[in-house]
Amino acid sequence: MTQVIAIDGPSASGKSTVAKAVAKRLGFFYVDSGSIYRGITWHALENEVDIHDADAVIQNTRSADWVFRAEQNVAVFSINGYTPTDELRTARLSEAVSDVASMPKVRAFVNDRLRELTGLGSLTIDGRDIGSVVFPDTPYKFYLDADPAERAQRRYRELVETGEAEKAQEVLESLKRRDAKDSSREEAPLKVADGAYVINSTSMTIDEVVQAVIDKVEGDLR
Ligand code: CDP
């Protein structure tokens with residue numbers, strides 16, 4: 001049977017690294033739901049669509065050709081034949097994405113794509129509402145958290161590696177703004193899903209978090 005492991009939590013809590021590693025160890029496909037919100041935002045900015053105009057954003061999204069495919073054990077997508085990668089992580093896009101992700105029709109579009117992806121096989125998906133809204137019936141729900149200062153440090157180190165020269169303080173402020181928007185929006189706000197297993201990773205290594213998730217999933221499967 002197809003299984004879904006939902007890993008939700010705030011920005012830079014380690015979700016994507018953990019979800020990717022868990023997927024690899026269990027032979028599941030990894031899906032980064034945030035990258036789809038980022039892809040929608042990127043495509044809107046590329047076409048100079050007003051990202052505060054929900055009708056224009058959804059129309060721009062729906063009229064594009066989205067193709068999802070598996071590359072190794074990761075689900076990736078192209079928009080009109082192009083697969084954006086680094087473009088999705090710029091500071092400008094990170095500032096805009098939470099506004100786009102608050103639009104109900106955008107969320108419905110993403111949720112449909114995520115549910116279709118179960119056609120690939122079992123999935124590990126990271127996001128904000130995967131356990132609460134998209135796959136509420138999955139028994140495997142995790143909420144990954146870490147202190148804001150630690151999360152800002154982690155994101156800062158990632159950005160330095162990719163050559164994005166934002167100041168550490170700006171990274172912290174930007175994360176806080178996005179967390180506030182994601183937690184306070186009306187539609188599918190970031191919250192701990194019913195029955196989710198909460199892991200605070202502030203003083204844990206990635207391997208320890210991955211092991212904690214796998215132990216819980218395997219314990220439940222037994
Ligand atoms: O990597 P990071 O944690 O910074 O963010 P992300 O997972 O790439 O998600 C980017 C943005 O997409 C979030 O700040 C949310 O506004 C939105 N998002 C969402 O609303 N629901 C999801 N399931 C995933 C992301």
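Start at 1 and go down the list; that is how both ligands and their atoms are numbered. Worth knowing before you read on, the calculation uses all heavy atoms, side chains too, and leaves out hydrogens, waters and symmetry mates.
Heavy-atom separations between Ser16 and ligand 1 are all 4.0 Å or longer. Not a single heavy atom of Met103 sits under 4.0 Å from any atom of ligand 1.
For Ser33, a nitrogen or oxygen atom sits less than 3.5 Å from a nitrogen or oxygen atom of ligand 1, counting backbone and side chain alike. Close N/O approach between Arg89 and ligand 1 is found [any backbone or side-chain N/O within under 3.5 Å].
Residue nearest to atom 5 (O) of ligand 1, selected from Arg128, Arg185, Lys15: Arg128 (by heavy-atom distance).
For ligand 1 and Ala12, the ligand atoms under 4.0 Å from any heavy atom of the residue are 3 (O). Applying the 4.0 Å criterion to heavy atoms of Ser98 picks out, from ligand 1, the atoms 14 (O), 16 (O).
Heavy atoms of Arg151 found under 4.0 angstrom from ligand 1: none, in either backbone or side chain. When non-hydrogen atoms are compared, ligand 1 lies under 4.0 Å from the side chain of Arg38 (C-beta onward) but not from its backbone.
The two residues Val133 and Pro136 make their nearest non-hydrogen contact at O-CD, 3.2 Å. Nearest heavy atoms, Thr61 versus Trp66: O-NE1, 3.0 Å. Contact record, Arg128 with Ser11: NH2-OG, 3.3 Å, taken as the closest heavy-atom pair. Residues Leu114 and Leu123 come closest through the heavy atom pair O-CD1, 4.2 Å.
Evaluation of the side-chain hydrogen bond (donor to acceptor under 3.5 Å, both in side chains) rule for Arg115 yields no partner, not counting sequence neighbours. By the side-chain hydrogen bond (donor to acceptor under 3.5 Å, both in side chains) test, Glu48 pairs with no residue at all, sequence neighbours left out.
Of the listed residues (Glu208, Arg154, Arg151), just one forms a side-chain hydrogen bond (donor to acceptor under 3.5 Å, both in side chains) with Ser201, and that residue is Arg154. Evaluated for a side-chain contact (heavy atoms from CB on, under 4.5 Å) with Arg25, the options Asn73, Val210, Thr124 yield exactly one hit, Val210.
The single protein non-hydrogen atom nearest to atom 18 (N) of ligand 1 is Tyr37 CD1, 3.6 Å, given as residue, atom name and distance. Considering only non-hydrogen protein atoms, atom 20 (O) of ligand 1 sits nearest to Arg107 NH1, 2.7 Å. Looking at atom 17 (C) of ligand 1, its nearest protein heavy atom turns out to be Ala101 CB, 3.6 Å. Protein heavy atom at the shortest distance from atom 23 (N) of ligand 1 is Asp129 OD1, 2.9 Å. Summary of contacts: the protein heavy atom closest to atom 16 (O) of ligand 1 is Asp182 OD1, 2.6 Å. Protein heavy atom closest to atom 10 (C) of ligand 1, with residue, atom name and distance, is Arg178 NH1, 3.5 Å.
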* To do: List the steps, then state whether side-chain hydrogen bond (donor to acceptor under 3.5 Å, both in side chains) holds for Asp207 with Gln211.
  => CA-CA 6 Å; Asp207 287 348; Gln211 197 56 49; over 6 Å; no
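Using cut-offs of 30° and 60° for the angle between ring planes, the Tyr197 and Phe142 rings count as perpendicular.
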